[in-house]
Amino acid sequence: MNTKKTIIFDLDGTLIDSLEDIALCMNTVLKELDLPTYEINAYKYFVGGGVSVLVDNVLKDLNVDSQTQLKETISEKFKEIYDLKLHDKTKPYEGIYDLLDELVKLDYKIGILSNKPHEATLAHVNSLFSKYNLKEIHGQKSHVEKKPNPTAAIQIANSFNTPCEEIYFIGDTMIDMQTAKNAKMIGVGVLWGFRDEKELRDNGATFIVKHPLDILEILK
Ligand SMILES: O=C(O)COP(=O)(O)O
């Protein structure tokens with residue numbers, strides 16, 4: 001029987017499908033500033049590294065002066081609009097509630113670690129997952145290095161009093177698989193999110209799953 005009973009989930013692209021709301025908010029900002037916008041699917045490759053990487057990605061093909069100032073303006077406006085919006089399109093992926101129900105029944109300790117700003121992470125988790133009463137929910141905080149730096153993942157392991165080697169880290173991008181590797185956790189790459197199997201395997205995924213409930217098979 002498996003004695004490993006702790007799981008850390010990434011948020012965007014793993015627990016929740018947030019792509020459209022992120023894309024709509026960023027496109028609103030870009031339009032406001034008379035900059036080119038992007039198709040929703042392009043954002044699959046822009047998201048994962050936090051807001052600053054998202055902004056770098058939307059700016060990378062533009063030959064604009066004073067990028068730093070522009071970057072700051074876009075980041076601020078994006079955070080403002082994203083915080084205000086009701087995120088009506090953001091939903092857990094099909095099968096996520098069933099998975100969490102099972103994990104709670106099996107007495108798993110569950111944490112969430114996102115590169116989404118901390119306040120937005122809390123807001124989403126509180127609105128969509130409050131019934132699970134999760135104790136370790138962490139977004140990007142100014143004083144903690146973001147993923148793939150392992151610091152926050154290791155802090156969660158310490159709070160749960162579980163050795164890192166026994167923790168499953170579930171995510172949908174290379175950033176998550178690198179975080180798992182850097183924290184010496186077991187990386188599980190999911191294929192319903194923003195990236196493909198090759199990226200997840202190339203970045204150290206120990207397991208790959210196609211549906212949330214497949215995770216239960218790994219835990220057996
Ligand atoms: O908002 C982001 O860039 C990433 O968020 P995630 O870490 O939950 O995937």
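All values below were derived from every heavy atom in this structure, side-chain atoms included, with hydrogens, water molecules and symmetry-related copies excluded. Note that ligands are numbered from 1 as they come in the structure, with each ligand's atoms numbered from 1 the same way. Counting begins at 1 with the first residue of the sequence.
The main-chain N or O of D88 is found under 3.5 Å from a side-chain atom of K91 such that the two form a donor-acceptor pair. For the pair D83 (side chain) and A120 (backbone), a donor-acceptor distance under 3.5 Å is absent. A donor-acceptor pair under 3.5 Å is formed between the side chain of H87 and the backbone N or O of Y82.
A salt bridge is absent between K77 and E80: the closest approach of a Lys/Arg side-chain nitrogen to an acidic carboxylate oxygen does not fall below 4.0 angstrom.
For the side-chain hydrogen bond (donor to acceptor under 3.5 Å, both in side chains) condition, the pairs that include at least one residue of residues 169-187, sequence neighbours left out, are T14-D172, K147-D176, T173-D176, Q178-N203.
Annotation: cation-pi pair K60/F46 absent, no NZ/CZ under 6.0 Å from the ring centroid and within 45° of its normal.
Listed as neighbours of ligand 1 are D10, L11, D12, V47, G48, G49, G50, S114, N115, K116, K147, each bearing a heavy atom under 4.0 Å from the ligand.
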